[in-house]
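Read through the structure below, which is laid out as structure tokens, and then see the notes.
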There are 2 protein chains.
Amino acid sequence: MGTTQLESVPEPKYWHLKTVLTEALDSEFSVGEILPNERDLAARFGVARATLRQALEQLELEGRLQRRRGVGTTVAPPRVGVAVGTEQHAWPGAPGDAWQAVDCTTAAPPAAVAGALETGRDEPVHIVRRTRMTHGQSVAAELLYIPESSVPELSAIDAPAGPARVRALLRELQRMELEGQDSAVELGSARADDAKELDRLPGAPVLVVTTRYFAEGRTAALSVATYRADTCRLTFGDSGGVEIHQDPQRRAS
Amino acid sequence: MGTTQLESVPEPKYWHLKTVLTEALDSEFSVGEILPNERDLAARFGVARATLRQALEQLELEGRLQRRRGVGTTVAPPRVGVAVGTEQHAWPGAPGDAWQAVDCTTAAPPAAVAGALETGRDEPVHIVRRTRMTHGQSVAAELLYIPESSVPELSAIDAPAGPARVRALLRELQRMELEGQDSAVELGSARADDAKELDRLPGAPVLVVTTRYFAEGRTAALSVATYRADTCRLTFGDSGGVEIHQDPQRRAS
DNA sequence: CAGTGGTCTAGACCACTAC
DNA sequence: TAGTGGTCTAGACCACTGC
């Protein structure tokens with residue numbers, strides 16, 4: 001009765017480790033600095049390497065660390081804010097667009113895309129692959145689906161391949177009046193092709209932003225953009241975003 | 001020369017396993033169904049349990065599975081779309097608000113919050129804790145920071161504690177004209193208190209939505225909301241969101 | 001109580017990077 | 001070639017759920 005033992009829950013080691021490392025990162029390391037390797041760190045903390053890795057994985061997920069095979073673990077810079085929802089809507093490819101076209105094909109859409117486009121599974125769509133750069137690093141890869149019926153002029157003349165074709169496609173889109181758009185954000189893991197584009201390993205956590213563009217009473221285009229979750233903070237709305245990390249810890253100064 | 005050996009890269013086992021399981025989930029299982037336990041599954045696929053778990057973790061991250069200690073692994077329902085960016089901005093607590101207050105304290109703000117509020121580190125803020133329910137399950141936990149200077153009337157009269165105090169606080173806020181708001185979304189991991197609120201383990205992946213509310217030429221309130229990343233799809237914009245998962249796999253029917 | 005997922009260990013080997 | 005992080009194994013024990 002009345003033992004002083006509160007909190008009988010033993011905190012998992014990797015959780016405690018993460019806390020310790022977080023504090024160390026805040027106080028003793030600066031951005032870009034390389035940490036000791038995993039074997040040394042594990043030994044220093046007296047845990048198995050797998051346990052240490054569990055803590056490192058979480059810190060990487062939170063954007064505090066960056067790990068690269070063959071190189072080492074470094075302290076990551078703060079996440080960059082990337083604007084994904086502007087106040088005034090605009091077609092992809094409009095002036096000021098941050099995206100850069102990579103290539104372009106025409107094929108039958110995946111079932112899920114066909115559903116969102118409310119188009120038949122048989123109607124081919126143009127698929128434009130684009131990437132988005134910020135501060136010299138690529139932060140997102142996008143697949144832009146445009147049904148042939150959205151750009152009827154283009155399919156008739158069979159435009160040239162490559163970048164010229166992309167330009168023609170987007171120019172055709174912009175001739176319509178954009179009636180609205182909406183977006184959704186969810187967590188996903190990078191497919192092999194996206195991972196390559198983003199310089200990450202397959203399965204890396206990404207924020208998937210799906211945007212529908214409405215024109216002429218239907219969905220005229222669909223964009224599926226995958227952003228690096230470790231380095232990006234997606235901003236919506238009036239101004240440039242907020243500088244907050246989820247770090248409501250109070251430090252007794 | 002010209003060996004047929006393409007793709008000399010050996011695909012990691014857990015990655016292949018994930019693919020196989022994904023296909024099985026699509027074709028052979030229905031929502032809510034329970035999978036065999038991890039030890040059986042690992043044996044069936046001829047891998048160590050840790051390897052199997054790596055695949056399951058990714059599937060849970062993608063919202064395909066739900067795992068609960070002591071119970072088992074079940075097939076998750078599709079993610080629910082939750083609206084976080086309405087076209088017409090509104091104060092927290094406005095009519096139609098999906099949030100429910102839990103409690104309320106007054107304290108010095110964490111340093112990061114003080115920065116975003118552009119208030120002194122010394123000025124106390126009201127901290128309202130709220131939760132958001134959808135379809136009978138809680139999907140988000142929020143901390144709402146309101147500087148005392150944003151609700152001067154309230155601090156003067158020293159309102160009653162509990163829910164009544166929260167109502168008084170939000171009522172005071174709504175007397176100001178909301179001049180704008182902006183939001184940012186980033187990936188995080190659940191703190192212990194949030195995890196408890198969300199019925200998840202600490203460290204579970206969450207989408208952190210940080211919203212600033214502007215009034216009278218400054219930031220009048222700050223909301224930090226953590227959404228369950230496994231079950232939620234955050235929607236912004238005109239209509240109710242998109243029904244797309246990142247699943248551009250084409251099935252040869 | 002039996003059965004589940006969660007944590008942890010002490011190894012091993014592989015893929016990649018840089019010198 | 002040496003050193004890094006990434007994958008994988010075969011165990012063990014713990015915390016939690018439901019009967």
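Scanning residues 32-42 of chain A for heavy-atom distances under 4.0 Å to DNA chain C yields A/R39.
Contact annotation: A/R49 side-chain N/O to C/dT9 OP1/OP2 distance is not under 4.0 Å. Remark: A/T73 is not in phosphate contact with D/dT4, judged by side-chain N or O atoms under 4.0 Å from OP1 or OP2. OP1 or OP2 of D/dT7 sits under 4.0 Å from a side-chain N or O of B/Y14. An OP1 or OP2 oxygen of C/dT7 is reached within less than 4.0 angstrom by no side-chain nitrogen or oxygen of A/T51.
Note on residues 45-54 of chain B: pairs passing salt bridge (charged side-chain N to carboxylate O under 4.0 Å, His left out), not counting sequence neighbours, are B/E38-B/R49, B/E38-B/R53, B/R53-B/E57.
Scanning for side-chain contact (heavy atoms from CB on, under 4.5 Å) contacts around B/T131 gives B/Q100, B/V102, B/E197, with sequence neighbours left out. Residues passing the side-chain contact (heavy atoms from CB on, under 4.5 Å) test with A/P12 are A/Y14, A/W15, sequence neighbours excluded. Residues meeting the side chain to side chain donor-acceptor pair (under 3.5 Å) test with A/E33, sequence neighbours left out: A/S30. With sequence neighbours excluded, no residue forms a side chain to side chain donor-acceptor pair (under 3.5 Å) with B/T51.
Backbone-only contact: B/L201 has heavy atoms under 4.0 Å from sugar-phosphate atoms and none from a base.
Between B/L143 and B/R129 the shortest side-chain heavy-atom distance falls below 4.5 Å.
Atom-to-atom, NE2 of A/H16 to P of C/dG6 comes out at 22 Å; the value is rounded to the nearest Å. In this entry the distance linking CD of A/Q66 with C1' of D/dT4 reads 15 Å, nearest Å. Atom C1' of nucleotide D/dG5 and atom CD of A/Q54 are separated by 16 Å, given to the nearest angstrom. In this structure, A/L65 atom CG and D/dG5 atom P are separated by 11 Å, rounded to whole Å. Between A/L52 atom CG and C/dT9 atom C1' the separation is 13 Å, expressed in whole Å. The distance between atom CZ of A/F45 and atom C1' of C/dC8, rounded to the nearest whole Å, is 17 Å. Look at CD on B/Q58: it is 13 Å from P on D/dG6, rounded to the nearest Å. Computed from coordinates, the A/E11 CD to D/dC14 P distance equals 18 Å when rounded to whole Å.
Residue A/L222 holds its CG atom at 8.0 Å from OG1 of A/T211, rounded to the nearest 0.5 Å.
Comparing A/R68 and A/P12 along DNA chain C, the residue whose closest nucleotide (by nearest heavy atom) sits nearer the 5' end is A/P12.
Listed candidates were C/dA18, D/dT4, D/dA10. Nearest to the side chain of A/V71 is C/dA18.
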